[in-house]
Amino acid sequence: MRIDDLLKNGQTISFEVFPPKPGMDADLSGIRSTLSALGAADPDFVSITYGSGGNNRSRAIDIADIVISLRMRTLSHLTAVSYTKEEISGVLDALTDSGVENILALRGDIPLNSAPDVIHWKDFRRASELARFVRYRGEFCIGGAAYAEGHQDSVSPEADIEFMREKAECGVSFFITQLFFDNDAFLRLLERSGAAGVNAPILAGIMPVLRARQIRRIIEISGCKVPAKLEGLLDRYLDDDASMMDAGIDYAAEQISSLWSKGVAGVHIYTMNKSAEVLEILRRCNLERGGGR
Ligand code: FAD
């Protein structure tokens with residue numbers, strides 16, 4: 001089923017996983033068992049990231065196959081940076097053959113330390129151009145990225161909304177946000193986009209904080225703001241992984257419960273390929289299978 005159709009039926013819970021690094025989990029049995037465990041939560045869909053530059057391209061498709069074999073719906077991420085139309089068409093053909101119906105059309109992360117003149121833009125410079133190209137084929141439901149706190153290169157919140165509008169005009173029928181820890185930032189995005197007439201559902205991207213040091217790096221890269229409460233937890237549990245994990249699970253559960261009760265279109269959990277912790281988050285907010293859903 002297409003995700004845009006699914007979203008018409010009510011709020012969704014979904015997960016993101018990423019392909020294991022090259023050389024790890026060679027037969028994908030590790031990710032298969034993670035996905036199988038995550039399936040216990042009966043997610044509405046599972047998204048699979050895609051490395052810019054395509055170094056995990058075939059693994060991303062293999063993982064889509066695993067998700068489908070486990071009878072879950074997939075959302076395959078697809079990035080535009082450094083691809084030609086022919087290359088993108090090849091990936092889309094493979095995804096169609098696998099039975100994938102949903103694509104998250106992204107520009108892609110620019111590889112770190114790339115000088116602007118070293119980035120080899122090929123046929124696509126923006127996610128909206130990729131979305132238009134995918135839409136032309138007609139067989140995919142297309143999602144796009146949104147940013148509760150603005151993209152790192154964003155000029156203004158108003159410009160961000162205009163770029164969301166452009167993506168919607170190019171075929172994007174729902175959005176998923178970058179991670180955020182401050183729900184008010186997400187609610188402001190909903191307000192601004194609604195006021196501007198951008199009506200595609202926006203799913204809240206939630207990343208659980210499971211280890212303080214790891215999340216510090218992610219915060220640095222994504223540039224997202226850290227509310228005082230979370231800052232306190234990160235400081236207190238910098239060297240105490242067990243306590244950080246428990247507090248991080250609570251923090252994510254509170255974020256999700258509050259958003260869910262406000263009627264958000266959906267919550268997309270960045271699982272970091274963890275299953276037990278994600279299931280525990282959903283249990284704590286009574287959103288596991290058979291709970292409040
Ligand atoms: P775009 O929408 O093209 O935006 C890129 C920049 O251009 C932004 O600053 C935007 O404000 C600006 N812009 C857009 N349109 C215009 C315009 N018309 N004129 C001027 N400026 C414009 N990266 C990966 O490599 N692989 C993944 O699997 C992946 N998954 C992601 C999943 C989600 C839910 C999110 C939120 C991000 C993901 N990313 C992924 C990261 C994403 O690729 C980066 O954030 C990237 O820098 C921007 O991607 P985008 O699709 O938002 O690009």
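Remember, it's 1-based here, ligands and their atoms both numbered in the order they're listed. Just so you know, these numbers come straight off a predicted model, no measurement behind them. Hydrogens, waters and symmetry mates are skipped; everything else that's a heavy atom, side chains included, is used.
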Discussion item. Just to check, does Gly108 reach to within less than 4.0 Å of ligand 1 when the distance is taken from its heavy atoms?
Written reply: yes

Worksheet entry | SB check Lys8 Asp5 (cutoff 4.0 Å) | yes

Worksheet, complete the sentence: Going by the 4.0 angstrom heavy-atom rule, the piece of His77 near ligand 1 is side chain

Worksheet entry | Salt bridge flag under 4.0 Å for residues Arg217 and Glu220 | no

Discussion item. My understanding is that only residues two or more places apart in sequence, or in another chain, count here; which of them pass side-chain hydrogen bond (donor to acceptor under 3.5 Å, both in side chains) with Lys262?
Written reply: Ser258

Discussion item. Does this structure show an ion pair linking Arg216 with Asp235, if we count only N-O contacts that are shorter than 4.0 Å?
Written reply: yes

Worksheet item: Quick one: does ligand 1 sit under 4.0 Å from the side chain of Tyr147, the backbone, both or neither, non-hydrogen atoms only?
Response: side chain

Just list the side-chain donor-acceptor pairs under 3.5 Å for residues 181-190, sequence neighbours left out, or say none.
residue	atom	partner	partner atom	Å
Asp182	OD1	Asp184	N	3.1
Asn183	OD1	Gln255	NE2	3.1
Asn183	ND2	Gln255	O	3.1

Fill in: Which segment of Leu106 sits under 4.0 Å of ligand 1 when only heavy atoms are counted
both

Worksheet item: What do we get for Arg126 next to ligand 1 when only non-hydrogen atoms under 4.0 Å count, side chain, backbone, both or neither?
Response: both

Response to the item:
Within the 4.0 Å heavy-atom cut-off, what Leu104 brings close to ligand 1 is side chain

Item to complete: Using a strict 4.0 Å cut-off to heavy atoms of Gln178, name the atoms of ligand 1 that fall inside it.
Response: 36 (C)

Worksheet item: Among side-chain atoms of Gln178 and Ser222, is any donor-acceptor pair under 3.5 angstrom?
Response: no

Fill in: Under-4.0 Å heavy-atom contact with ligand 1, by part of Gln152 that carries it
neither

Discussion item. Below a 4.0 angstrom heavy-atom separation, can you tell me which part of Lys167, side chain or backbone, both or neither, approaches ligand 1?
Written reply: side chain

Fill in: Glu16, His151, Arg125: member with heavy atom nearest to atom 8 (C) of ligand 1
His151

Worksheet item: Which ligand 1 atoms does Ile176 reach within 4.0 Å, using its non-hydrogen atoms?
Response: 34 (C), 36 (C)

Discussion item. Tell me which one of Phe174, Phe175, Phe45, Phe15 satisfies ring pair (Phe, Tyr, Trp, His ring centres under 6.0 Å) with His268.
Written reply: Phe45

Worksheet entry | Atoms in ligand 1 with a heavy atom of Thr79 nearer than 4.0 Å | 24 (C), 25 (O), 26 (N)

Item to complete: For Phe175 and ligand 1, answer yes if some heavy atom of the residue is under 4.0 Å from a ligand atom, otherwise no.
Response: no

Fill in: Donor + acceptor pair across side chains of Asp65, Ser98 (<3.5 Å)
yes

